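All values derive from a computational prediction rather than experimental measurement. Every number for a ligand or one of its atoms is a count from 1 in the order of the listing.
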Amino acid sequence: PRIAVLASGRGSNLAALIAARDAGTLPVEFALVASDKADAGALRLAEAAGIPTLALSPKAYPDRRAYDLDLLDRVAASGAELLVLAGFMRVIDAEALRPWVGRVINIHPSLLPKYRGLHTHRRALEAGDAEHGVSVHFVTAELDGGPVIAQARLTIEAGDDEQRLAERLLPLEHRLLPAVLGLLASGRLQWRDDGAHYAGQPL
Ligand code: GRF
């Protein structure tokens, strides 16, 4: 299937998806990589990989909904059938998201439902958690609230601060996101009208 990726940052998760596709382990085509930041590293990675890119500035829009509707229109126009949020730092408007529910996933650096939102590593450290991790979930209108598909976890170590924890989590992200996208791309993971299912069993 054709996929689009939304990213706001350096794009290491995008790079992992491209590497999995190049290795032949992820049966997807990249239709578009779009960003709300013209200087996002993810756009440079996409250009280098010959993937069409779009930098759409929110400043040019009267409000969030207008921006999100146009962004997702462009995603649809690219022929993308699945949408991956890989470090996309905006919450997508419910109206704009509606046609995509079930076809959009996000990677979030926490063991959801813990620590929805931002500063997840700091919050896990401050809570004195023994474990931390990353989650890939279906995106719904509720921030980091859709059904969790898969998680990877690690033990928080004595020397961990926010940055080291983020660094130790990245390799887990880079394995988890391609794996989950592969399930979605191959149809083993699907969103039916009665919710998300894996291999025919409800999540
Ligand atoms: C990752 O930590 C991801 O969990 C979060 O934002 C970061 C994206 O990093 N959503 P990158 O742009 O993929 O390197």
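Annotation: Gln163, atom CD; neighbour count of heavy atoms from other residues, nucleotides and ligands within 6.0 Å does not exceed 12.
If you check which protein heavy atom lies closest to atom 5 (C) of ligand 1, you get Pro109 CD, 4.0 Å. Counting protein heavy atoms only, atom 9 (O) of ligand 1 is closest to Arg10 NH2, 3.3 Å. Nearest to atom 3 (C) of ligand 1 among the protein's heavy atoms is Glu173 OE1, 3.1 Å. Counting only heavy atoms of the protein, atom 11 (P) of ligand 1 lies nearest to Ser12 N, 3.4 Å.
Partner of Leu71 under the side-chain contact (heavy atoms from CB on, under 4.5 Å) criterion, chosen from Leu56, Asp36, Asp93: Leu56.
Clustering ILVMFWY residues whenever any of their side-chain heavy atoms sit less than 4.5 angstrom apart, transitively, puts Leu172 in the very cluster that holds Leu14.
The heavy atom nearest to atom 12 (O) of ligand 1, considering only Gly11, Gly87, Ala15, Ala166, is found in Gly11.
Remark: the His174 side chain and the Ser12 side chain contain an N/O donor-acceptor pair separated by less than 3.5 Å.
Checked against a 3.5 angstrom limit, the closest N/O atoms of Ile107 and ligand 1 fall inside it.
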inquiry  = If you apply the rule side chain to side chain donor-acceptor pair (under 3.5 Å), what do you find for His132 with His121, and how did you get there?
reply    = CA-CA 8 Å; His132 189 36; His121 315 306; 2.9 Å; yes
